[in-house]
Amino acid sequence: MRATGILAVNEFLDGLRNRWVAAAIILLGTTALALLLVGSAPAGTIRAGALDVSVVSLTSLSVYLLPLIALLLSFDALVGEFERGTMLLLLTYPVARWQVVMGKFFGHMMILLAAVVVGYGGAALLTVLFTDNGITGWQAYVTMMGSSLLLGAVFIALGYLVSVLVRERSTAAGAAIVLWLVFVVLYDLALLGLLLADHEQKIGQGLFSTLMLVSPSDTYRILNLTAFDSVGQAAGIAGVAARSGFGMSLLLGLLASWVILPLTATMAVFHRREL
Amino acid sequence: MAENAIEVAGTVKRYGDKTVVTDINLTVHNGERMVLIGHNGAGKTTLMKLMLGLTHPNAGTVRVLGANPATAAAALRRAIGYLPESVAFHSAMKGREVLAFYARLKGVAAAECQSILERVGLARAADRRVSTYSKGMRQRLGLAQAMLGKPRLLFLDEPTSGLDPSLRRQFYDLIDTLSLSGTTSLTSSHSLNEVEARADRIAIMKNGAIVACGTLSELSQQASLPLVVRLRVTVGHTADVAERLAPMGEIQRVNDHGIDLSCPGTAKMVLFRHIAGFGEVIEDMDVAPPRLDDIYNHYMQQVQLQ
């Protein structure tokens, strides 16, 4: 346990040193602030507080940004150390291989946590302090922050799996981009295309909702748009998902398994790997 | 405490269908300075990785400080130090930070870092980023991390490759100091004349196997390499002396004031007595025993490269 903590702190300090933390905070903070300020304008018309209105737009943004940041942090985590030769030395220390994976995971999660709390939280705080929107809807906003972290964790875990499976950094980078495209862009496009092609409406509500649950980024979307009524109203389009009636625990459980399964697989592959 | 620091018995390691380590038996005693020499790709690094538990043997057993390194507890890993070939560090970190990180992992007090940095001569550069370090400084930092926690067993994989002569000397002096305090070391090297004087025993690896192992004199006996005797002879007598010495050895070179001849190590005393019998005709004599270079070349030529 001690080794895991040391590795996690080292990974986080590494993120501070190479400005990863700062970059992620600025990226999330400025975009959140922009959406919060723009999002305040129409708030009066649909009778929703600024914070939960902005959850709709921030959710659509996070679904792109957090997987991207998470994959950029994680794709290099293992293959990079194999390539540089630092892993060889590390494993001669009193550190188990699963501790290496978990240490990196906690360290990278600390980076994401800093980015989400300071970036998203700071933007919300500024909005509350300097506009008259108040703090109505903060629960939805905090839920969005928490689930964004979870979404980040999913892609950090997926990034590690890529990182342990390939032999070269460049391959890992390519695979990470493909992963991002598939889960964040292409899968949704394919679902949309499926709906458009489905003239006879054979695909029912249930099947469609279930298909959405296959992708962690859609699970994240559904979670945020259905958790609070006010958000669903502001989103307008949330009807599809809202009527699907998935419970919060199912959605959280799905996201959690998207973290646990790739992490476990990474540790299993790493354990068998010969250096 | 186990009797031997390292015991490798019948160990085989294959990567795919390529056998990298072939049926190796090797014992390193406690406190011994063992040196591994061999051509590139002979399996030295793989053998070390097996001993470090980084990779598992396909057959045979490897025991390090009495434990199996592949399943070893943290206690074993705290008792060993390893300097990998071309060691690498996180380049954004400062030297001091790198060492402190490894010290925490090994459970070594932070106070020890400063004295180690001084010992390896990095104290003044400790607050610079590793990316600004020269090869020699990185290697010193590598040795520094290997020394953390006063390990009982040191693995050094070509520790002096790429270092300038004075650094090499410092490096070996440091290792010798450690060995005086009882640290066992296993060093692989290509610099034969450097390790010659600093090894208690030498193992020669070739194509994944250990072809010879012993002290320098044992190795030269096993190889039964001749020693070379160089005589300075009074002008005019060389032909006569050469003719009379011919049965005792192989005449390599004769000119008007000198003779070089080689003779098997076992016959050297007979030869010396004979030489003494010539009296003042022989003005001077030099004896060159076979060096590690010669022994190494002997074993490398003995078996064809596969």
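First the proteins, then the strands, lettered A, B, ... as listed; each starts at 1. These numbers come from the heavy atoms of this one structure, side chains and all, not from hydrogens, waters or symmetry mates.
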Residue from A/V9, A/N10, A/L13 passing side chain to side chain contact (heavy atoms under 4.5 Å, CB included) with B/F101: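 So, applying the side chain to side chain contact (heavy atoms under 4.5 Å, CB included) to B/F101 and each of A/V9, A/N10, A/L13, only A/N10 qualifies.
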Partner chain A: residue of B/P69, B/A74, B/A75 with the largest heavy-atom pair count (under 4.5 Å):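 The candidate making the most pairs under 4.5 Å is B/A74.
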A/I6 vs B/Y102 side-chain heavy atoms within contact, under 4.5 Å: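 The answer is no, as the side chains (C-beta and beyond) never meet within the 4.5 Å cut-off.
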Spacing of A/N18 atom CG and B/M93 atom CE [to the nearest 0.5 Å]: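 CE of B/M93 is found 11.5 Å from CG of A/N18.
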Separation between CZ of A/R17 and CZ of B/R129, rounded to the nearest 0.5 Å: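 Reported value, rounded in 0.5 Å steps: 8.0 Å.
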For [X], is it the side chain, the backbone, both, or neither that has a heavy atom closer than 4.5 Å to a heavy atom of chain A?
| X | value |
| --- | --- |
| B/L148 | side chain |
| B/E97 | side chain |
| B/K94 | neither |
| B/L54 | both |
| B/K106 | both |

Of all the residues in [range], which have a heavy atom that comes within less than 4.5 Å of a heavy atom in chain B?
| range | answer |
| --- | --- |
| residues 166-173 of chain A | none |
| residues 107-123 of chain A | none |
| residues 77-96 of chain A | A/E81, A/R84, A/T86, A/L88, A/L89, A/L90, A/L91, A/T92, A/Y93, A/P94, A/V95 |

A quick test of your reading: do over 12 heavy atoms of other residues, nucleotides or ligands sit less than 6.0 Å from [atom1] of [X]?
| X | atom1 | result |
| --- | --- | --- |
| A/R19 | CZ | no |
| B/R119 | CZ | no |
| B/H29 | NE2 | yes |

For A/Y64, all residues meeting side-chain contact (heavy atoms from CB on, under 4.5 Å), sequence neighbours excluded: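 Partners of A/Y64 under the side-chain contact (heavy atoms from CB on, under 4.5 Å) test: A/W180, A/V184, A/V185.
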